[in-house]
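Each chain gets a letter, A, B and so on, in the order the sequences are listed, and its residues count up from 1. Remember, it's a predicted structure, so these values are computed and weren't measured experimentally.
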Amino acid sequence: MNPSLFSPEGLAGVIFLILICVTMIGAIIATCTKRLIRSVSGLAVCFVGVAGLYYFLSSPFVAMMELLIYVGAVCVTIAFAIMLAEPDEAKMARKLSGLSGGLAAVCGGAVSFALGYAAVNGHWMAPAVQANDGSLKMIGQSLLTKYSMVFELISIVLLVAIIGSVALARAGRRGN
Amino acid sequence: MEVQAEGAGEDKAKAKAKKEEDVPRKNGLIETEYAKRGTHLDVQINPDQVVKAAEILDGEGMTLEMVTGVDWLKEKQFEVIYDYSYSGGQLFRVVVRARVDRDHPDIPTVCRVYGGANWHERETWEMLGINFVGHPQLEHFLLPEDADFYPLRKDFKP
Amino acid sequence: MNELIRLLAYMLGLAAFLGLNLAYLGWVERKGAGHFQRRTGPKDVGPYGLLQPLADGLKLMSKQLVVPANADRALYMCAPILIMVPAVLLFVAIPFGEHLVPREFNFGLLMMFAFASVGGLSILIGGWGSGNKYSLIAGARAVSQNVAYEIPMLITAINIVMITGSMDLNEIVRQQGAYIWNWNIFRLDKSLLMPISFLVFFICSLAETNRTPFDMGECEGELVAGYHTEYGGMGFGLFMMAEYANLVIGCSLTTILFLGGWQSPIGIFPGPHWFLLKMYFLIWCFVWIRWTYPRTTFWGLLNLSWKYLIPFSLVNLLLTALFIKVF
Amino acid sequence: MLTLSTQLNTYLVIGAVLFGFGIFGLVRRPSLIGMLIAVELVLSGASINFMAFNRFLAPDPTVGQIITLFIMAIAAAEAAISLSIVIAVYRNYKSIEVEDLVELKG
Amino acid sequence: MSGYFKDIITGLKSLAVGLQITNKEFLTKPITLLYPHESVKMYPRYRGHIELVKDPETGRNRCICCGMCEKGCPSGCITVKSEKRPGVKGKVLTAYILNFTTCSLCGQCVENCKPEAIKFSNEYNLASTRREDYIFDLLQKLHPEGVPEPEVDPELLKKEQEKEEAAKKAAAEKKAAAAKKEAAPKAPAKEGGESKAEEKS
Amino acid sequence: MSSLAQSQLRETFELNIGPQHPATHGVLRIKVVMDGEYIDRAEPILGYIHRMHEKMGENRTWNQFWPNMGRLDYLSAMAYNHCYAGLVERAMEIVVPERAEYIRVITAELNRIQSHLLGFGAYIMDLGGFTPLMYAMDEREQILDLLESVTGSRLTYCYFRFGGVYNDIDDDFITGTRAFIKRFRPQIPMYHKLVTGNAILMDRLIGVGPVSADMCRKYGATGPVLRGSGVNYDIRRNEPYSVYPELDFDIPVYKECDSMARYMVRMDEMVQSCRIIEQALNKLPEGPVMAEKVPKALKPPKGDFHYAVEAARGTFSMRAVSDGTNTAYRMRLRSPTYSNVSLFEEASRGMLLSDALAFLGSLDPVIPEMDR
């Protein structure tokens, strides 16, 4: 039941493959480059790919939030931090080689293999019926009813984060 | 400062005036005719007195307008001329002169008194080679950084 | 298959629309600047200088691509392309007419903001990649300004979402009626502060598109040319085109959210022409403002955001919620 | 190949690979910011899993999305906090490398 | 609080006033002079580069080759070349070279010129990519079709010829006397000096 | 922590503003040490257009030095002409005909308006507003045309001569000047509406770049900088030269000491210059424009002479040391921008970058004049 390449489904499949590539390439750039600013760009690319995957998982809202928060906020923040803290890149590059690289590859490979193995071999049971369509409206409703605790927690976490980061940044400044 | 009222020498015979100006002047004050010279008071002092003079004039609320260096090659001297003016109302211009030896052109800086003297002295240093002792930054300013000549000296050959 | 053909047609149409806009907005700006300043603006190339964009484009394209020695080559080359992508992609969601929508998303508004936030990162990358301190400062400024003004802009947009109950851009337009008093800007029955809210949104879109008086990212008086100091040729051209693309998007969004999109102000002949009319009027306002005002400082900008825009938008949000709940 | 998007396993494997990349980066990177980037990868690997399960297996398809949103908020908060810590550390030690921060103990 | 709103209102008002003004300017006609299509009106006193004045009576320049312009010029951009021609009163200008690259248009030369032989031209459209194009020979510029020969006064010519012959005679005598008296070294030096003086003067 | 370690911890970086930079109006270089967006230290570095005018004064005869005066401050060259003419006339005791003095005042004041107009336009352009520059250029162009019709040059005037002026003015110039003033007067309120009253501009200028009167005195700052700090000092009033004592005008003084005050002084000076020109035109006597007995080869007596005028940017004064020959023994040019900019380093400490550039613009530097 392979769809034709030129049917809408086929095109969607191609786009999905492209998205996977984008995600993987982004992840590779994010972890393997020497310069941090490049790895942030890689991270941004990876997140764009992930947002696309979310779109395929029929939750466009989360996809958009992924772009808005990860690419627009987190990546920018990290880029700012790199500018402010300006790591010594030559030194960094020197340290990258050797043992830690091998160790890291072994760790990462092992973890992903284990997880992938578990995923492929798992017996996942699909539910008989889904309670709703998981649309934006439903998310909103459940956020304010069933999962209101989560909602409150998010806001508290964010508030604490804002206050904490402002306090930390200011304290460092006064230390001069 | 020693004050010698030499009187206005301008009205005297020309020959005498010429003679007077040929030899370097003695220290002291001269009241000059403003219409003719553009200054009211002409003060000749020793190099070590310039800071004191600047302090006195600063106390009177005067402004240091410019610092000029003149190379008197024949007399083997540099003359440093400080122009002071009064911006507080009445017109009053004082010119303070000090002569230093051409071989050891050291003169104390008035930077501490007048911040604006910084650039003027720096310029005089690089154009004439007059060393302003105590100046915070005697570096090349208008000339290129590698200039090892003093263009305003009279014996300067380009 | 039909769907594919429709999409293809839309893509072609959009490409033409975009290309014309990006080229001729530059002409409009220069001509406008000229006349605001007692000059004539471009005049010699073609009638009224209408072929000027072509000449400019040719000039930019024929220029040598110089990569500065200090630059991070990959990032330097990527940034102009990266900044174009979201700017162009966003056109897909804009409803030009009731049935003239390339693709209707039911979260179009959110998508606008999501993609717009990506643009900031590419400015930062371009500024950093140039290896120039001016570019770096400018990039940092531009991005922090974008982030700061996204807050009041989002809050104001949430207002509209609350009023219309939808994030679908076309739906938002549909809900605004045919007459001028039915547009969101004058929906005083929903919130008394709607005109001010429009002003807030307008100012924010000025800031988001890095236009004077908020062009902190490219203030030539201080930072030479800002984040595109080191770009020449088409690199610079892409940055400029992205600026105009963002301009079009910002004005379209303002039109859609507040000025009734393709709705007619007099109740007859609704259609894309009204949309374009309103959008170009807003663009003209942008040009007008640019050639009238000096630039603010960074603190002036943050002051405006925190002291005026955010309080106003929050108050408006509360008022709207109250009105919706009460009436 | 073209129907991969409709299979749960694809997403799970992608999530696992991303997670693995995250671990890889976490071990490999000597600097705090690099590690932070790796952590973001780990988190998005996890999020993909949540989203995949939500799409294919969950009886209530909002729960996974809400968890993902929660993760996003946490990630944003974490980024803000940890970056301000990084900057504070940098101000005091002129370095953001983990090895150099051993002195913190003393 | 009222100050807060007052600030906003006055601020917005000032911004609106600015927009009004630019809008008014937008609607008025531009004042640009479209330079290559329209020519700029030049004033009679405009100081272009200097040029020689054509005497309406003789149709030639008025220069008496006194060299005052050359001496007065602060930047030394004028070179006057002249020679003595048989039968012509005064010296004859052979070249008037102006190095316009260093000229500062101060007008000292025009001021110094007694016979008013030079004036400022009205030429402003000078453009070139080569420096050599700005080293003018003003005499050539004055007579582009060829410099006319100066009028020869027959009487003067006669007189001069007589004088010259007399001088020649005297010189020959002197030379003969000198040759008799001493060895040669003095003579060439003297000759050289004479020719130089004649050339430059 | 030791002080050395402390200084290493400051996150500063160096930024070179100039020598080629839009905000420096020429080839001024400012080496800025920045702490984020704040300025830690800003050191102006001069000399990129240094031409050694003082040495030229020693090598050129007194007459030959004329063109140099127009090339110091190319924006208000007339005042510099005036100073040099005054200096040598003082030394030689030449009496200038009254008509010539009036012509000098008229042209110098027109030149001052022109200079302030460009200063105004360029300043606003520094702050990001491009349009006022074009309006100012329009007005300025008319002044340049007027001056060109008299002097023959547009910027680097070499119009004054010892004992008078190069040539007389004609009726066209007089009517043209009257017409210009009539047209120009209403433009200034327009500028105030368009620019001065603008909320954004006020935000940028008010309180930015404070320079106290005492600081001006210490640094020898003059002109609008001094008058913007509340000191009523203008050479035209305090050390009257030419026919200024016979003319009625005000000296605009602002006490705020900020960039706005300096800007306002310039704007108000343009109005006062219009007044001066009108009065001078009304009083213009008939007569010659050159003194009769001016020797061709000037040899001022021995000694040194000082003369000061109020140029557009402040006090321009010259000190010439003569040894009785036809060249000066030493020629010293005191340019106002030199002193005005010298306080930039101290005053800009701790400012924001954009404020510092607004401050620099309010000093209205002209670099060729500064470097000489």
Side-chain angles (χ1 to χ4, degrees), chain C residues 29-30 32-41 70 131-145 203 206-207 210-226 229 287-305 307-308, chain F residues 12-18 20-25 30 32-34 36-39 121-139 141 187 193-208 263 351-361:
Chain C
E29 178 129 51
R30 288 173 65 179
H35 283 273
F36 281 128
Q37 297 169 351
R38 304 183 187 167
R39 298 187 285 123
T40 57
N70 259 352
N132 179 325
K133 282 173 193 162
Y134 290 120
S135 305
L136 185 59
I137 297 175
R141 276 186 183 185
V143 173
S144 39
Q145 169 191 334
I203 292 172
L206 264 177
N210 278 329
R211 300 275 305 183
T212 318
F214 304 107
D215 55 345
M216 301 309 300
E218 46 192 292
C219 45
E220 70 281 344
E222 294 154 32
L223 302 176
V224 190
T229 305
V287 172
W288 190 3
I289 285 171
R290 170 158 184 194
W291 298 110
T292 305
Y293 297 146
R295 182 185 307 117
T296 59
T297 55
F298 201 69
W299 290 130
L301 198 109
L302 293 183
N303 250 347
L304 180 70
S305 175
K307 259 172 87 178
Y308 302 103
Chain F
T12 54
F13 64 97
E14 251 179 44
L15 188 72
N16 272 308
I17 300 177
Q20 303 291 337
H21 189 278
T24 55
H25 301 283
I30 302 174
V32 189
V33 179
M34 305 252 295
E37 286 256 346
Y38 289 93
I39 285 177
Y123 187 30
I124 305 307
M125 196 178 74
D126 274 0
L127 305 176
F130 192 73
T131 304
L133 173 71
M134 283 297 161
Y135 298 166
M137 279 289 189
D138 180 15
E139 315 295 338
E141 206 64 13
Q187 294 289 325
K193 266 196 217 156
L194 174 63
V195 178
T196 319
N198 190 303
I200 300 173
L201 192 97
M202 293 213 278
D203 184 45
R204 289 211 63 177
L205 294 191
I206 290 175
V208 167
Y263 163 85
M351 266 186 200
L352 274 174
L353 177 65
S354 38
D355 283 349
L357 292 176
F359 171 46
L360 181 68

Can you measure from CG (F/Asn16) to OH (C/Tyr134) and round to the nearest 0.5 angstrom? 7.0 Å
From CG (F/Leu201) to OG1 (C/Thr296), nearest 0.5 Å: 11.5 Å
F/Asp203 side chain reached by C/Trp299 side chain, heavy atoms, under 4.5 Å: no
Among all residues two or more places apart in sequence or in another chain, which pass the side chain to side chain donor-acceptor pair (under 3.5 Å) test with F/Tyr263? F/Thr196
ring-ring contact (aromatic ring centres under 6.0 Å, His included) partners for F/Tyr135, two or more places apart: none
Crowding at NZ, F/Lys193 (>12 non-hydrogen neighbours, <6.0 Å): no
Find the distance between CD1 (C/Ile137) and CG (F/Leu353) and round it off to the nearest 0.5 Å. 6.0 Å
Looking only at heavy atoms, what is the nearest atom pair of F/Ile200 and C/Pro213, with distance? CD1-CB, 3.7 Å
Non-hydrogen atoms of C/Lys133 and F/Leu15 that approach each other most closely: CB-CD1, 3.4 Å
Backbone N/O of C/Trp291 and side chain of F/Thr131: donor-acceptor pair under 3.5 Å: yes
Out of F/Leu194, F/Asp138, F/Val195, return the one with the most heavy atom pairs under 4.5 angstrom to chain C. F/Asp138
Looking only at F/Met134, F/Met137, F/Glu14, F/Gln20, most heavy-atom pairs under 4.5 Å shared with chain C are made by F/Met134
Hey, are the side chains of C/Thr297 and F/Val208 touching, using non-hydrogen atoms and a 4.5 Å cut-off? no
Using non-hydrogen atoms and a 4.5 Å limit, figure out which bit of F/Ile17 sits close to chain C: side chain, backbone, both or neither. both
